[in-house]
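Presented below is the structure to which this report refers.
The sequence lines fix the lettering, A, B, ..., with proteins before strands; numbering per chain opens at 1. Please read all numbers here as calculations on a predicted model, not as lab measurements. As a basis for the values below, the full set of heavy atoms in this structure was taken, side chains included, without hydrogen atoms, waters or symmetry mates.
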Amino acid sequence: GAVVSQHPSWVICKSGTSVKIECRSLDFQATTMFWYRQFPKQSLMLMATSNEGSKATYEQGVEKDKFLINHASLTLSTLTVTSAHPEDSSFYICSANSRDVYNEQFFGPGTRLTVL
Amino acid sequence: GEDVEQSLFLSVREGDSSVINCTYTDSSSTYLYWYKQEPGAGLQLLTYIFSNMDMKQDQRLTVLLNKKDKHLSLRIADTQTGDSAIYFCAEKYNQGGKLIFGQGTELSVKP
């Protein structure tokens, strides 16, 4: 149980286009979902925290208009990278908290974004 | 402030024990975690420890927590080549429950 999926697993896009990444909790209801960004050989940097039905809370330095987060249901959150540029190329990972398991975040497999 | 520090690299021989160290700053953290990440993959939770515990053992993994020094370690017994990966420690920040990750320790296991 407690599986989180992400779609797509990798995406290549042209500079200036927008890209949407989905994060789904497959077998549990996620009270909170988190979006992280990871550069090669670096740690995970938390971008934002989202709760179902409310606005996401962004970490300092993360542009909310650039990285749009929608948490429409208890099993789905989306991250849209708007007007992507090559510096947005990164590995994006989501995680989710289950209302039944307080002490663990369940991580998705990640999405590799490459902006040309 | 939020800060988790790890050494960046560790190299061991197959069959030896590996010890990966981590220091953190938030004394009110409730849980501390160890995750494993293989190339191009997401994070796999290895183990976690509640902040009122000193030690936790799970098969080949032993976690030691020194809350006074805010020091956490992960010992992998009988390290195998399949253990080669990046290991992240993380603390659960009391406010909002978010996780703060260390930089990751790249473990290289030589046959």
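Ranking B:L45, B:L99, B:L8, B:I86 against chain A, the residue ahead of the rest is B:L99, based on heavy-atom pairs under 4.5 Å.
At a 4.5 Å heavy-atom cutoff, the contact between B:F101 and chain A is made by backbone and side-chain atoms alike. Looking at A:L46, only its side chain comes within 4.5 Å of chain B, counting heavy atoms on both sides. Looking at A:Q38, the atoms closer than 4.5 Å to chain B (heavy atoms on both sides) all sit in the side chain, from C-beta outward. Proximity to chain A (any heavy atom under 4.5 Å) is shown, for B:F50, by neither the backbone nor the side chain. B:Q6 does not touch chain A: none of its heavy atoms, backbone or side chain, sits under 4.5 Å away. With a 4.5 Å cut-off on non-hydrogen atoms, B:Q44 does not touch chain A at all.
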TODO: Show your reasoning for whether ring pair (Phe, Tyr, Trp, His ring centres under 6.0 Å) applies to B:Y35 and A:F107.
DONE: CA-CA 10 Å; B:Y35 288 89; A:F107 282 81; 5.1 Å; yes

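For the residue pair B:R75 and B:S17, a side-chain donor N or O sits within less than 3.5 Å of a side-chain acceptor on the partner. For the residue pair A:T114 / A:S89, no side-chain donor-acceptor distance below 3.5 Å is found, with atom types taken as modelled. Donor-acceptor pairing under 3.5 Å is recorded for the side chains of A:T111 and A:Q6.
Aromatic rings of B:Y33 and B:F88 (six-membered ring for Trp) have centroids beyond the 6.0 Å cut-off, not under it. Annotation: A:F91 is not in aromatic contact with A:F39 [ring centroid separation under 6.0 Å not met].
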